[in-house]
Amino acid sequence: MVEKMLARASGNAYVKPGMAIFIQVDLAMSCDTCVGPVAEIFYENFGEKAKLWNQNQVVLVADHLIHINDLRPEPIADQLYQDLVQFAKEQDCQWFDVVAPGQAAGICHILLPEKGFVRPGMVVVGTDSHTCTFGAFGCFGTGVGTTEMANVFAMGDTWIRLPETLLFELEGFLPKHISAKDIILFILGKIGCEGGRGKVMEFRGSIIDQLPIDERMTLCNMATECGALCGLIAPDKLTLDYVQSRSQEAFEVVVSDPDAEYEQVYRFDLSNLEPQVARPYKPDQVSGISELAEVPITRAYIGSCTGGKLFDIAEAAEAIKGYHVASGVSLFVVPASQEIRQKAEELGYLKILEEAGAQILKSGCGACINAGLGVLGKEETGVYAINRNFKGRSGDPSGKNYLASPRVVAISAVKAKITDQLNEVDIVQP
Amino acid sequence: MDKIITGKAFYCGDFVDTDVMSPGRFEPLEGEELLARIALIDYKSDPPYVDPKTQRSPFTVIFAGREFGCGSSRDTAPRALAYAGSKVVIARSFARIFFRNCINMGLLLPIQYEHPFDEAIVGKEVTVNTEQRYFQVENQRFEYGDFGPLTDIMEAGGLLNHIKQKIATGEIA
């Protein structure tokens, strides 16, 4: 699948893994932490009057440091935001401003598909490692640094060493309450953080067919945690319905040939999968929840490009409806975009969560990148529905961060320990 | 790229991530001084990577384990190491984006080598010969492979210099 996409993008009839090629980019995305530095490199190298190779193929999103001031005063964050605004206006490209002070329109990886920018067959690069999320729509999405993005802005292309592909055939029927977060944590536990290094992870099988778009995004989103360039899922009717409801642009569906060769094929029957939890300080330190020793917590967080989608919020709300967050525990919920916030409001999910004692925060990257409320304090332990639990990533380096699904995070907040079990006695009496 | 690089060695273990190299709590990560000072600040070692007195690192060559630079695509991580004073990282393996950032920025030479070293190498004198592609520790010499098609980018001093050279020679418009 990836070979076909990148052959087309490089203008070659045929490419094979290991080849270093320049590929044309269909969409370049950058955010407030990076646009300023990218712009500086861009103008410095291509001249102060330099123009984007194609202003219609660049999208900028103010999402990363947008509510850092809720946590600590950061004048440089304000400057970086101004840099984004200035560059967007100078270049007359597409951009998503904050909708209110400290309130992002959405997290880039969620916002771009919502707004119809991401379509099957595209090559998308972004100055964020979770750009691999877009593979859920059958396109090649991957993260790049600021220097590389400056080149993309000017030339519209970048180099790549053509990756091998690992195939993950996920079969069976997913047990009730088991989510894509559990699946990708399970895979991380099996192959480790370097199991996909420099490769593409292609997912297929009856489990994939059962997953809604939000869940497919979660799966592809954490391919980077396995070291992969991209997660990929072949488009099906669900994908096409989603994309066509949000974009009128033409696109070309690319799928693997029946006789496609893979570097390795992993087959997992997930019919008996239990909730998975990653222990500090790596996302591959995974065990089934039943094997986890008792872990008391004081923080719980549902948000980020991994855990702030509508499906995630629905799972959390349904899990703790009628219950209340334990005293001494803070539960934070961060809808990943304004569209998600609005739908979660309309469907009553936010009300359920607020009544349970959760704090609903402004949209943006926030605590996941140590830039908003919900970060771990000194020596604090938390369970987060985000993508990484490296030391110091989401708060004080002495804190301990466990990763789990939104449902497990919500239930753990009620029980003040990591668990997926609630009993009747925990229900709040009206 | 310098033909000969000489200096003291530092050692990092496996899976040293970019959040350890340039932690998010220092966001926004702007400016050479700040980046040099916080480089590898969350990697606990004795001696520390950055000398608290000089706010720079005395270590020119970093030896590392597997998947060095995993995590975020932030290129403040290789920048921090370079601004602190390092010129080369010799790792058993690199995270993909970190490796690309090193190549593209031309600030830090990433050599992948299944080396036998551990903490005992810290402080030892290392010579890296980029022309003949070997590095030497004490009397031991280790030869590393070439960078294939990436050599042109590296010899130009990074991706943007490479592209500008091509524009100047008319190879690309």
Side-chain angles (χ1 to χ4, degrees), chain A residues 18-21 33-34 36-37 41 44-46 64-65 68 72 74 76-77 79-80 126-131 142-148 150-151 154-155 158-161 163 192-194 197-198 224-225 227-229 281-282 284 368-371 375 388 390-397, chain B residues 14-21 23-31 34 41-44 65-68 70-79 92-107 147-153 158-164 166-167 172-173:
Chain A
M19 284 172 70
I21 51 174
T33 42
C34 297
I41 299 165
E44 192 181 299
N45 284 276
F46 298 102
H64 271 56
L65 301 182
I68 197 168
R72 56 183 184 268
E74 279 296 359
I76 301 175
Q79 183 56 55
L80 287 169
T127 50
D128 188 291
S129 54
H130 290 104
T131 305
T142 200
V144 299
T146 53
T147 302
E148 188 164 350
N151 175 67
M155 310 304 295
T158 192
W159 65 270
I160 195 161
R161 198 185 281 280
C193 279
E194 61 171 352
R197 181 164 47 85
T224 189
E225 271 60 70
L229 279 84
Y281 290 101
K282 273 174 71 223
D284 64 358
C368 177
I369 56 162
N370 216 332
V375 295
R388 292 183 181 139
F390 299 144
K391 186 189 278 279
R393 175 176 170 85
S394 302
D396 194 273
Chain B
D14 293 334
F15 300 104
V16 176
D17 61 80
T18 54
D19 280 284
V20 166
M21 294 178 199
R25 68 181 179 282
F26 297 105
E27 286 276 14
L29 294 156
E30 290 282 291
L34 170 69
I41 196 167
D42 286 343
Y43 188 80
K44 298 296 171 235
R66 292 180 298 143
E67 200 64 358
F68 187 75
C70 54
S72 160
S73 63
R74 63 183 77 161
D75 59 18
T76 52
R79 272 185 210 282
R92 290 192 172 109
S93 67
F94 287 94
R96 183 192 70 89
I97 298 178
F98 184 90
F99 181 83
R100 287 178 75 87
N101 283 339
C102 289
I103 299 286
N104 289 333
M105 290 157 66
L107 289 176
F147 286 84
L150 305 182
T151 306
D152 291 349
I153 295 174
L159 178 63
L160 296 173
N161 287 342
H162 173 67
I163 295 297
K164 286 190 290 186
K166 281 181 169 292
I167 292 170
I172 52 177

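Looking at Phe390(A) and Thr18(B), their side chains never come closer than 4.5 Å, going by heavy atoms from C-beta outward. The shortest side-chain heavy-atom distance between Leu107(B) and Pro78(B) does not fall under the 4.5 Å cut-off. Residues Met155(A) and Ile167(B) are in side-chain contact: their nearest non-hydrogen atoms beyond the backbone lie under 4.5 Å apart.
With hydrogens and angles disregarded, a donor-acceptor distance shorter than 3.5 Å links the side chain of Thr142(A) to the backbone of Leu229(A). Put simply, the side chain of Arg100(B) gets close to the backbone of Trp159(A): a donor and an acceptor are under 3.5 Å apart. Between the side chain of Arg393(A) and the main chain of Cys368(A), a donor-acceptor pair closer than 3.5 Å is present.
Among Ala20(A), Ser129(A), Gly36(A), the residue making the largest number of heavy-atom pairs under 4.5 Å with chain B is Ser129(A). Of the listed residues (Cys193(A), Gly227(A), Ala150(A)), the one with the most heavy-atom contacts under 4.5 Å to chain B is Cys193(A). For the set Ala95(B), Gly158(B), Ser93(B), the entry with the most heavy-atom pairs within less than 4.5 Å of chain A is Ser93(B). Contacts with chain B were tallied for Val375(A), Ile160(A), Thr127(A); Ile160(A) has the most, counting heavy-atom pairs under 4.5 Å. Chain A forms the most heavy-atom pairs under 4.5 Å with one residue out of Asn161(B), Ile163(B), Val20(B), and that residue is Ile163(B).
For a residue to count as touching a neighbouring chain, one of its non-hydrogen atoms must lie under 4.5 Å from one of that chain's; by this rule Asp17(B) touches chain A with the side chain only. In this structure, the portion of Phe46(A) lying under 4.5 Å from any heavy atom of chain B is its side chain and not its backbone.
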